[in-house]
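As the structure is a computational prediction, the values presented were derived from the model and not from experiment.
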Amino acid sequence: MKRHIPNIFTCGNLFCGCVGLVSVFQNDLNFAAYMIGLAALLDFGDGFAARILKAYSSIGKELDSLADCVTFGVLPGTILYKLLQRSLMHESYSIEVFVLLPYVAFLITIFSAWRLAKFNVDTRQTDSFIGVPTPANALLVGSLPLITWQHPDWSARILNPYVMVGYVLLMSYLMVAELPLFALKFKDFGWANNRVRYIFLGISALLLAWLQFAAVPLIIASYVVLSLIRI
């Protein structure tokens, strides 16, 4: 029975992705963002449970990738599609731009799938990552509607089609780039082997307490910077 416990977490992750997509269809992007956050916890939980219980399986690995593709690929792409539509409402654009440009958002979905496929066949990524992980990108995307809700005066800067297309292109590249990043996998809880992880968690906690949802982009940026410093 215990070998199925990690898969229960994974299925919970997939369920969150499905609920999040329904929320996007209902124009409730905030709830969709919360689903990404809950799914990220479940995604961490399935790996943690697998390590603690030594319950690894081939089907669990494949199920995890499929769940992540929905929750951290399709869902953030759909959120960005809706945000791009909203950004185009603030100015006068041609009907072609208004209809076609939002589909650029699904580059995030495509490169997330590519990133997950690379992870499954890349033996270098057992204890670290090569490229920004899909959950990190999804959390950043999920933070955008929450930031505009918490800080309405920032909406004009965030909901800018040039900014959003630039973000899509940048993160699509970073997810598949040869960029070594540390993983939040604790083999033990000593300081020596986990110094960068503890520093990152401390910075993240302080930023969240200070900035709340607006902290998420800074947390992802600090994750990349700390990884580069560590190397």
Side-chain angles (χ1 to χ4, degrees), residues 12-44 67-91 93 97-113 115 132-172 174-175 204-205 207-224:
N13 167 7
L14 179 56
F15 180 73
C16 288
C18 295
V19 173
L21 284 168
V22 172
S23 300
V24 175
F25 300 150
Q26 296 173 341
N27 288 312
D28 189 349
L29 301 190
N30 286 3
F31 191 77
Y34 292 139
M35 286 296 99
I36 289 177
L38 179 56
L41 291 175
L42 292 168
D43 186 54
F44 178 82
D68 286 358
C69 194
V70 173
T71 308
F72 305 133
V74 179
L75 180 52
T78 309
I79 290 173
L80 283 170
Y81 174 85
K82 284 287 188 181
L83 289 176
L84 262 169
Q85 277 189 327
R86 291 183 184 180
S87 73
L88 293 170
M89 292 178 182
H90 300 304
E91 300 288 343
Y93 294 95
V97 170
F98 184 80
V99 171
L100 296 177
L101 189 63
Y103 286 100
V104 171
F106 292 111
L107 284 173
I108 286 290
T109 302
I110 293 168
F111 279 87
S112 294
R115 168 76 179 82
V132 173
T134 53
N137 173 66
L139 286 168
L140 206 165
V141 171
S143 73
L144 299 179
L146 295 173
I147 292 170
T148 58
W149 168 70
Q150 190 178 44
H151 303 281
D153 52 317
W154 295 7
S155 294
R157 277 171 272 180
I158 294 174
L159 297 182
N160 179 303
Y162 300 105
V163 170
M164 300 195 69
V165 169
Y167 170 81
V168 169
L169 296 176
L170 175 63
M171 292 307 297
S172 294
L174 289 179
M175 281 193 287
S204 299
L207 287 172
L208 283 170
W210 178 32
L211 298 172
Q212 297 177 298
F213 299 123
V216 176
L218 294 177
I219 289 171
I220 303 303
S222 69
Y223 171 58
V224 175

Mind listing the closest non-hydrogen atom pair of [X] and [Y] along with its distance?
| X | Y | value |
| --- | --- | --- |
| A67 | L14 | CB-CB, 3.8 Å |
| C16 | L42 | SG-CD1, 3.9 Å |
| M171 | V132 | CE-CG1, 4.0 Å |
| S155 | T148 | OG-CB, 3.5 Å |
| V141 | P76 | CG1-O, 3.6 Å |
| R115 | T134 | CG-CG2, 3.8 Å |

Which value, rounded to the nearest 0.5 Å, describes the distance between [X] atom [atom1] and [Y] atom [atom2]?
| X | Y | atom1 | atom2 | value |
| --- | --- | --- | --- | --- |
| L84 | L101 | CG | CG | 5.5 Å |
| M35 | L21 | CE | CG | 12.0 Å |
| W210 | L218 | CH2 | CG | 8.0 Å |
| T78 | F25 | OG1 | CZ | 6.0 Å |
| Q150 | L211 | CD | CG | 8.5 Å |
| D28 | K82 | CG | NZ | 11.5 Å |

Side-chain contact test, heavy atoms from C-beta onward, threshold under 4.5 Å: evaluate it for [X] versus [Y] and give yes or no.
| X | Y | value |
| --- | --- | --- |
| S143 | I220 | no |
| L144 | L29 | no |
| L80 | V168 | yes |
| L159 | L83 | yes |

>> Go through it in stages, so that I can follow the logic: the residues are D43 and F72, the test is side chain to side chain contact (heavy atoms under 4.5 Å, CB included), and I'd like the CA-CA distance, side-chain angles, deciding distance and then a yes or no.
In response: CA-CA 10 Å; D43 186 54; F72 305 133; 3.9 Å; yes
> If you measure only the distance, is there a donor-acceptor pair under 3.5 Å linking the side chains of N160 and Y167?
Replying inline: no
Is there a donor-acceptor pair under 3.5 Å between the side chain of [X] and the backbone N or O of [Y]?
| X | Y | answer |
| --- | --- | --- |
| S23 | V19 | yes |
| S172 | L169 | no |
| S112 | C69 | no |
| T71 | N13 | yes |

>> Evaluate Y34 against L146 for side chain to side chain contact (heavy atoms under 4.5 Å, CB included), listing each step before the verdict.
In response: CA-CA 9 Å; Y34 292 139; L146 295 173; 3.9 Å; yes
> Should the ring pair Y103 and F106 be called parallel, tilted or perpendicular, given that the plane angle runs from 0 to 90° and is split at 30 and 60?
Replying inline: tilted
>> Evaluate I36 against L139 for side chain to side chain contact (heavy atoms under 4.5 Å, CB included), listing each step before the verdict.
In response: CA-CA 6 Å; I36 289 177; L139 286 168; 4.0 Å; yes
